[in-house]
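Everything on this sheet refers to the single structure shown next.
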Amino acid sequence: MLKTHACGELRKEHAGTTISLAGWVHRRRDHGGLIFIDLRDREGIVQVVFNPEVSPASHQTAGELRSEYVVRVEGAVAARPAGTENRALPTGEIEVIAHDAQILNRSMTPPFYISEEVEVDESLRLKYRYLDLRRERMKQNLLLRHRVVKFMRDFLDARDFVEVETPVLIKSTPEGARDYVVPSRIYPGKFYALPQSPQQLKQLLMVAGLEKYYQVARCFRDEDTRADRQPEFTQLDIEMSFIEEEDIISLLEELFTSMIETLKPEMRMARPFPRLTYAEAMERYGTDKPDLRFGMEIGDLSDIAATTGFAVFTRAISAGGRVKGICVPGCGTYTRSQLDELNRRAQALGAGGITTISLGVASSLEELTAELAKSPAAKYLSLDQVKAMAALLQAKPGDLLVIAAGKPDMVNKVLGELRREMGERLGLAPPDLLAFAFITDFPMFEWSETAGRWQAMHHPFTSPREADLPLLDSDPGKVLARSYDFVCNGFELSSGSIRIHTSELQRRMFRVMGYTDSQIDERFGHLLEAFDFGAPPHGGIAPGIDRLVMLLAGEENIREVIAFPKNQSAADLTFNAPSEITEEQLAELHISFKNGNPPGNTLAL
RNA sequence: GGCCCCGUGGUGUAGCGGUCUAACAUGCCACCCUGUCACGGUGGAGAUCGCGGGUUCAAAUCCCGCCGGGGUCGCCA
């Protein structure tokens with residue numbers, strides 16, 4: 001080793017020892033005589049003092065040092081002179097008196113600051129990701145991610161789970177996301193697909209008798225990216241045999257609870273993790289991944305609205321719709337233009353419009369007068385009706401009621417999104433809170449207008465509830481699944497289910513989704529056949545590691561917790577991938593382009 | 001594919017029709033400085049204002065198109 005110690009580990013008790021260090025020049029302070037270097041390695045920063053009276057040669061060397069030079073220093077650890085300690089630095093009580101120094105490598109001036117946390121254009125950061133990762137924030141994120149994954153492995157290992165690797169080159173299957181495909185050299189015109197998740201593989205491992213499996217698994221989906229979505233991402237893939245919903249849910253709760261208590265003790269959780277059915281979540285929060293860090297629940301005002309003379313309300317109800325609302329705290333003073341903006345937002349989300357009631361400041365809701373409750377619909381609403389709505393939404397004087405009327409799905413979606421946006425705008429969510437929850441009883445299918453058929457809401461291997469089996473052919477939309485989502489702070493962290501383990505039921509499901517028997521055999525025959533060799537009842541879940549670490553790190557996109565992420569256009573700016581390949585490679589893969597050359601779309605940078 | 005936001009020395013920003021021969025901070029280079037720690041001081045270099053077109057007597061500034069980046073809808077079993 002070129003070093004005996006890490007820069008960041010040196011403390012008072014090292015004083016008097018002779019050591020060697022190696023790292024990067026974080027900062028240089030040249031006093032003409034004395035030169036101070038903040039030397040940085042992974043463990044931290046320590047001050048090195050170059051004194052010409054101690055070592056003229058190393059003082060000379062120090063004069064050449066610049067930011068990010070790689071340097072090795074031999075010297076003595078010494079307590080700093082009284083009054084010069086730096087309490088901001090863990091190593092601030094000591095310094096290293098350099099006796100000898102060598103430059104191991106020079107560095108160009110970095111394109112952005114390593115030593116300061118300044119927001120830098122993200123494409124520049126991605127191009128020089130290896131420099132970006134030198135920054136403290138990114139280093140901490142990578143370290144946190146390591147600890148999270150290690151905790152998961154240790155936790156599952158202690159519970160007799162076996163980590164098994166599964167292939168990345170597998171078979172393209174219908175259903176789900178668009179596949180990334182890899183052309184085969186050996187089989188002209190045929191393709192592998194990268195797994196969207198190891199779903200079928202882990203089920204086969206259950207058939208194989210592993211009983212408890214996990215894997216830190218890379219998944220690939222060729223869909224457009226988002227702040228919380230990358231073309232490739234990592235899941236903690238878990239599958240167990242001979243279990244029921246409760247087993248998975250409690251395993252996950254135990255895992256996350258102990259992990260956060262260990263790794264992020266400063267963060268708070270509500271325990272036990274609340275459970276909501278899908279129907280409840282949609283009713284109360286307008287989404288299947290509610291942010292439960294704050295209230296502002298959607299309330300059903302239909303009964304009250306039906307008694308009003310307001311046609312927007314009564315028409316919606318007689319058409320089978322609902323009138324629902326949320327109470328936005330403290331926004332009763334919103335101006336006309338602010339309310340207009342809210343209305344435009346609601347319209348953009350699909351509502352015809354919203355009705356607002358601004359509650360003026362009174363000592364209590366009971367004291368509220370007609371003059372204090374302002375609404376475009378005021379002349380159709382009695383004071384009692386306003387009070388009843390306000391009470392139902394748990395409003396206080398000074399709050400704003402936002403009411404939407406129409407089809408239930410639309411009303412929930414609009415109010416759910418407004419709730420989310422207003423919660424964010426008003427800063428209602430405590431940043432140190434992790435509001436985990438399980439969402440259960442998802443519908444098995446949803447009707448796809450584009451495909452003109454029923455599609456699995458979770459995935460086609462999810463078991464329906466046994467009680468709902470009779471509905472499978474007559475009314476698939478009513479069938480509920482034995483699935484459970486795990487959500488936190490408005491993000492879907494993972495999705496799991498009890499699986500189908502008989503070929504009969506699995507085949508039936510595929511038929512509901514519009515497949516012919518020969519299509520089923522061709523695409524899923526391997527799985528169906530496996531089920532016929534004594535497949536045990538099984539189920540599992542797959543928490544997304546990127547999103548989890550993002551939440552724990554307090555980051556707002558998952559790129560910040562991925563060493564080499566892709567940008568929004570799915571390009572890797574460090575490598576400039578994707579890129580063209582040679583004529584030879586194309587020929588070996590039996591690929592040629594229609595017009596001789598690949599279509600445009602070249603990468604910049 | 002749609003919508004929204006952004007693009008000015010290396011970096012981060014200001015400027016938003018004429019004062020711009022483009023400002024500030026920091027970084028960079030040179031010199032000075034023996035207790036600094038975002039060291040300090042003096043001096044200096046560094047920008048075809050993302051690209052193209054248009055409007056105008058005049059464009060970094062207004063308009064259109066394109067490119068790049070981010071967010072989002074669609075999409076994401």
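So that the names make sense, note that chain A is the first sequence line, chain B the second, and so on, each numbered from 1. Keep in mind that what you see is a predicted model, and the values were worked out from it rather than measured.
With salt bridges taken as basic N to acidic carboxylate O contacts below 4.0 Å, none links A:Glu68 and A:Arg106. Salt bridge annotation for A:Glu93-A:Arg87: absent, with no cationic side-chain nitrogen under 4.0 angstrom from a carboxylate oxygen. Using a 4.0 Å cut-off between charged side-chain N and carboxylate O, A:Arg218 and A:Asp237 make no salt bridge. Remark: A:Lys407 does not engage A:Asp409 in a salt bridge, criterion side-chain N to carboxylate O under 4.0 Å. A salt bridge does not link A:Arg482 to A:Asp441: none of the charged side-chain nitrogens sits closer than 4.0 Å to a carboxylate oxygen. With respect to A:Arg507 and A:Asp517, a salt bridge is recorded, a charged nitrogen being found less than 4.0 Å from a carboxylate O.
Mapped onto RNA chain B by nearest heavy atom, A:Asp224 and A:Thr173 fall at different nucleotides, with A:Asp224 at the one closer to the 5' end. Comparing A:Glu53 and A:Met457 along RNA chain B, the residue whose closest nucleotide (by nearest heavy atom) sits nearer the 5' end is A:Glu53.
Taking atom CD of residue A:Glu119 and atom P of nucleotide B:rG70, one finds them 13 Å apart after rounding to whole Å. Taking atom CZ on A:Arg547 and atom P on B:rC76, their separation rounds to 14 Å, with Å as the unit. Atom NZ in A:Lys566 sits roughly 13 Å away from atom P in B:rG70 (whole-Å rounding). The distance between atom CG of A:Asp30 and atom C1' of B:rA38, rounded to the nearest whole Å, is 16 Å. At whole-Å resolution of the value, NZ in A:Lys413 and P in B:rU72 are 15 Å apart.
For A:His14, the ring-ring contact (aromatic ring centres under 6.0 Å, His included) criterion is met by A:His5, not counting sequence neighbours. Partners of A:Arg344 under the side chain to side chain contact (heavy atoms under 4.5 Å, CB included) rule, at least two apart in sequence or in another chain, are A:Asp340, A:Glu341, A:Gln347. Considering only residues two or more places apart in sequence or on other chains, A:Phe442 meets the ring-ring contact (aromatic ring centres under 6.0 Å, His included) condition with A:Tyr278. Under the ring-ring contact (aromatic ring centres under 6.0 Å, His included) criterion, A:His501 pairs with no residue, sequence neighbours left out. Looking at residues two or more places apart in sequence or on another chain, you find a ring-ring contact (aromatic ring centres under 6.0 Å, His included) between A:Phe486 and A:Phe256, A:Phe273, A:Phe436, A:Phe438. Residues passing the side chain to side chain contact (heavy atoms under 4.5 Å, CB included) test with A:Asp121 are A:Ser123, A:Leu124, sequence neighbours excluded. With sequence neighbours excluded, the residues satisfying side chain to side chain contact (heavy atoms under 4.5 Å, CB included) with A:Phe491 are A:Asp228, A:Met550, A:Leu551.
Ranking B:rC75, B:rG69, B:rG71 by closeness to the A:Ala227 side chain, first place goes to B:rG71. Of the listed nucleotides (B:rG71, B:rC75, B:rU11), B:rG71 has the atom at the smallest distance from the side chain of A:Asn557. Taking the side chain of A:Phe36 as heavy atoms from C-beta on, and the options B:rU72, B:rG35, B:rC76, the nearest nucleotide is B:rG35.
Atom CZ of A:Arg42 sits in a sparse spot, with 12 or fewer heavy atoms from other residues, nucleotides or ligands closer than 6.0 Å. Remark: A:Gln140 CD is packed, more than 12 non-hydrogen atoms of other residues, nucleotides or ligands lying under 6.0 Å away. Under a cut-off of 6.0 angstrom, the local environment of CD in A:Glu529 is sparse, with at most 12 non-hydrogen atoms contributed by other residues, nucleotides or ligands.
Remark: nothing in residues 516-524 of chain A comes within less than 4.0 Å of RNA chain B through any heavy atom. A heavy-atom distance below 4.0 Å to RNA chain B is reached by these residues of residues 75-97 of chain A, ordered by number: A:Arg80, A:Pro81, A:Thr84, A:Glu85, A:Asn86, A:Glu95. Using a 4.0 Å cut-off on heavy atoms, none of the residues of residues 440-451 of chain A approach RNA chain B.
Look at the C1' atom in both B:rC24 and B:rA47: the space between them is 15 Å, to the nearest Å. A distance of about 16 Å separates the C1' atoms of B:rA59 and B:rU19, rounded to the whole Å. The gap from the P atom of B:rC6 to that of B:rG15 amounts to 13 Å, rounded to the nearest Å. Taking atom P on both nucleotides, B:rU61 is separated from B:rG52 by 12 Å, rounded to a whole Å. If you take atom P in B:rG7 and the same atom in B:rG50, they sit 8 Å apart, rounded to whole Å. Using P as the reference atom, B:rC49 and B:rG35 are 46 Å apart when rounded to the nearest Å. Nucleotides B:rA23 and B:rG9 are separated by 12 Å at their C1' atoms, to the nearest Å. B:rA14 and B:rU8: their P atoms are spaced 10 Å apart (whole Å).
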Strictly under 3.5 Å: I want the nitrogen or oxygen pairs between protein and nucleotides 4-6 of chain B, one per line.
none

What's touching nucleotides 26-29 of chain B from the protein side, N or O pairs under 3.5 Å?
unit_1, atom_1, unit_2, atom_2, d
B:rU26, O2', A:Tyr113, OH, 2.5
B:rU26, O2, A:Tyr113, OH, 2.9
B:rC29, OP1, A:Arg66, NE, 2.9

Legend entry - Intermediate values then yes/no, side-chain hydrogen bond (donor to acceptor under 3.5 Å, both in side chains), A:Asn141 and A:Glu555: CA-CA 9 Å; A:Asn141 287 352; A:Glu555 294 288 358; 2.9 Å; yes
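Close to B:rC39, at under 4.0 Å from its OP1 or OP2, lies a side-chain N or O of A:Arg29. Of the side-chain N and O atoms in A:Gln196, none sit less than 4.0 angstrom from OP1 or OP2 of B:rC76. Listed pair A:Arg229 / B:rG71 fails the phosphate criterion, with no side-chain N or O lying under 4.0 Å from OP1 or OP2.
In this structure, A:His31 forms an aromatic stack with the base of B:rC39, since both conditions hold: centre separation below 5.5 Å and plane angle below 30°.
Using a 4.5 Å cut-off on side-chain heavy atoms (C-beta onward), A:Glu492 and A:Ser495 make contact.
The residue A:Ser569 sits close only to the backbone: its heavy atoms come under 4.0 Å of sugar-phosphate atoms, none of a base.
Looking at A:Asn567, its side chain has no donor and acceptor atom pair within 3.5 Å of the base of B:rG70.
Base pairing analysis places B:rA23 opposite B:rU13; the two distances defining the Watson-Crick or G-U wobble pair are each below 3.5 Å.
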